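For reference, the structure is listed below as structure tokens.
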Amino acid sequence: MSPMIAFTGALLIDGQGGEPVADSVVLVDNGKIKEAGAKATVQIPEEAQIVDVTGKVIMPGLIDAHVHVHGAKNLNMAAVALEPNELQMGRALQDLPKLINAGFTTVRDVGSHVAVYIRDLIKEGVVKGPRIKTSRHMLSQTGGHADIHMIPTELNIFTTCDGVPEVIKAARTQFREGADFIKVCSTGGVLSEKDDPRWSQFRLDELKAIVYEAEAVQSYVASHAQGTQGIKNALLAGVRTIEHGIYIDEEGIGMMLDQKAILVPTLAIVHRIIQEGHKYGVPEFGIRKAERVYQEHIENMIIAHKAGVTIAAGTDFCSCAPVEHGGNALEMRLLVDDVGFTPMQAIVAATRDAAKAMQMEEEIGTLEAGKSADLLVLNVNPLTDISLLANTAHIEQVYLSGERLK
């Protein structure tokens, strides 16, 4: 049994969005939060080990709700598909300490052929790294976003399926192979060569069948959804999270609010592609499409945020430049600088609301009794400047389920 630990004296940001608490105590018992609040309200047991963090900030571990733990060498997906899995597994394992060093204690992988194994290695204690939930393969229609158009069909590393019987079997297969949830592509995308982000993919009956299979095993579906109608189709089918949401309109926003669906914008990847993609072999078509969509994407995220849509932080980062893991705090800065979030709202997006996106809000995301003791100790206050989180030197301590990993 782990010793009881009392973190004392820090400014507490609990992830729920309320006012921070000065001179706090966070009491951790056997990997879980026992109590968290002002020192005057928390009784510290005599047997507790005291960790004095006076003058520091304590907050929940960060969550990136949209990553790829797949060890890609670059963002040319044809090249990724032609590499041995073993090379990609090795690179992906090297990403784990980068994420912990940056304060990310949980990530949601939305498409990878190796993440299920890395997740299980972490659970076994063979390697140390953030908690991982994974969809395993993305599901795509033939010719869709995750059907890598530049190579022969038989070399595709994701799963293509067409028609209700095939999508049912594909969804069941992902769960059989260890997926925690299902990722579908209901529109085209930026890094797929022969389609357009505005094009709808999968029919509504196909999407509904996939959602049914996920909900039958108490899971959910996340949808890569960039075009207006493809977003609405995904919502009509009952998906839990909309990934990207570039061309969402007022009707789609209303649907999200009605269904309590969660939007994961992934501004960071498009920002990095535009800024640095030409240096790192991003295909020209990807750079061109990123430049075309970015401003409208931001404008629609501003509208969605003002309307009250729940927005979770996710980067779409992977192993390679310019979107390598370790810089994942960029998404929070973009939510503040471009979308109009306050620093506190950005922190909530990367803690409580990212946990909601993962269907894990009862377990992680906030520092309150009963939750896993995933927490950070900082030597700066990110409420004064959210970009401070990008400097990993400011993140002095990282705990996952009460175990110190940094």
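Values in this document were obtained by computation on a predicted structure and should not be read as measured data.
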Test item: S219 side-chain N/O and A214 main-chain N/O as donor-acceptor pair under 3.5 Å: no

Residue Y212 excluded, over 12 heavy atoms near OH under 6.0 Å: no

Distance-only polar pair, side chains of T134 and D109, donor-acceptor under 3.5 Å: yes

Atom pair CG (L62) and CG (D374), whose distance is rounded to the nearest 0.5 Å: 10.5 Å

Ring centers of F317, H68 separated by less than 6.0 Å: no

Sidechain-backbone polar pair: K34 side chain, D29 backbone, donor-acceptor under 3.5 Å: no

Heavy-atom pair with the smallest gap, counting every atom of Q201 and C185: CB-O, 3.7 Å

Qualifying residue, where the test is salt bridge (Lys or Arg N to Asp or Glu O under 4.0 Å) with R91 and the options are E83, E324, E86: E83

Any L263 side-chain heavy atom under 4.5 Å of M301 side chain: yes

Cation-pi, F104 ring and R131 (6.0 angstrom, 45 degrees): no

T366 side chain near T351 side chain, heavy-atom distance below 4.5 Å: no

Check: E296/Y294 side-chain N/O donor and acceptor closer than 3.5 Å: no

Flag, side chain of S112 to backbone of V69, donor-acceptor distance under 3.5 Å: yes

Smallest separation among heavy atoms of S372 and I33, with atom names: O-CG1, 4.0 Å

Donor-acceptor contact below 3.5 Å, side chain Q88 vs main chain V80: yes

Sidechain-backbone polar pair: T342 side chain, Q345 backbone, donor-acceptor under 3.5 Å: yes

Spacing of CD1 belonging to I63 relative to CG belonging to N328, to within rounding of 0.5 Å: 12.5 Å

R119/D180 ion pair, N-O < 4.0 Å: yes

Ring-ring centroid check H244 H297, cutoff 6.0 Å: no

Donor on one side chain, acceptor on other, D147 and Q141, under 3.5 Å: no

Closest contact, heavy atoms only, M59 versus I347: CE-CG2, 3.7 Å

Residue pairs, two or more places apart or on separate chains, that pass salt bridge (Lys or Arg N to Asp or Glu O under 4.0 Å) and touch residues 64-79: none

D196 with K289: basic N within carboxylate O range, under 4.0 Å: no

Backbone of E154 reached by a side-chain donor or acceptor of N156 within 3.5 Å: no

Check: I246 main-chain N/O paired with N300 side-chain donor or acceptor under 3.5 Å: yes

Candidate pair N381 and T384, rule side-chain hydrogen bond (donor to acceptor under 3.5 Å, both in side chains), full reasoning: CA-CA 6 Å; N381 184 354; T384 64; 5.3 Å; no

Identified side chain to side chain contact (heavy atoms under 4.5 Å, CB included) partner of E206 from the options V167, V184, L139: V167

Check ion pair R108-E243 (N to O, under 4.0 angstrom): yes

Side-chain donor-acceptor contact under 3.5 Å, T392 with N101: yes

Pairwise distance CG(L236) to CD1(I231) - rounded to 0.5 angstrom: 12.0 Å

Test item: E361 side-chain N/O and R352 main-chain N/O as donor-acceptor pair under 3.5 Å: no

Side chain proximity check, I248 to I253, heavy atoms < 4.5 angstrom: yes

Electrostatic pair E213-R172, nearest N-O below 4.0 angstrom: yes

NZ/NE/NH1/NH2 to OD/OE distance under 4.0 Å, K371 and E368: yes

Side chain proximity check, M256 to I262, heavy atoms < 4.5 angstrom: no

Residue pair R333, D338: steps toward the salt bridge (Lys or Arg N to Asp or Glu O under 4.0 Å) verdict: CA-CA 8 Å; R333 179 174 72 78; D338 293 350; over 6 Å; no

For the student: nearest non-hydrogen atoms of I13 and P382, plus distance: CD1-CG, 4.3 Å

Cationic N near anionic O, under 4.0 Å, K56 to E396: yes

Heavy-atom check, side chain of L12 versus side chain of L367, under 4.5 Å: yes

Within-4.5 Å side-chain heavy-atom neighbours: T8 and V53: no

Pairs touching residues 139-160 that satisfy ring pair (Phe, Tyr, Trp, His ring centres under 6.0 Å), sequence neighbours left out: H145-H224

Main-chain N/O of K169 paired with T173 side-chain donor or acceptor, under 3.5 Å: yes

Heavy-atom pair of closest approach, residues L405 and G129: CD1-O, 4.3 Å

S186 and S223 side chains, donor-acceptor separation under 3.5 Å: yes

Minimum heavy-atom distance between C161 and A170, given as atom pair plus value: SG-CB, 3.8 Å

Distance, nearest 0.5 Å, that separates NE2 of H325 from CG of L99: 5.5 Å

Donor on one side chain, acceptor on other, H137 and T159, under 3.5 Å: yes

F181/F175 aromatic ring centres below 6.0 Å: no

Side-chain heavy atoms of F7 within contact of Q397, under 4.5 Å: yes

Whether over 12 other heavy atoms sit under 6.0 Å from E250 CD: no

T187 versus S200, side-chain donor and acceptor atoms under 3.5 Å: no

pair R272-L330: side-chain heavy atoms closer than 4.5 Å: yes

N-O pairing of E363 and K133 below 4.0 Å: no

Any donor-acceptor N/O pair, R240 side chain to K356 backbone, under 3.5 Å: yes

Salt bridge (Lys or Arg N to Asp or Glu O under 4.0 Å) partners for D162, two or more places apart: none

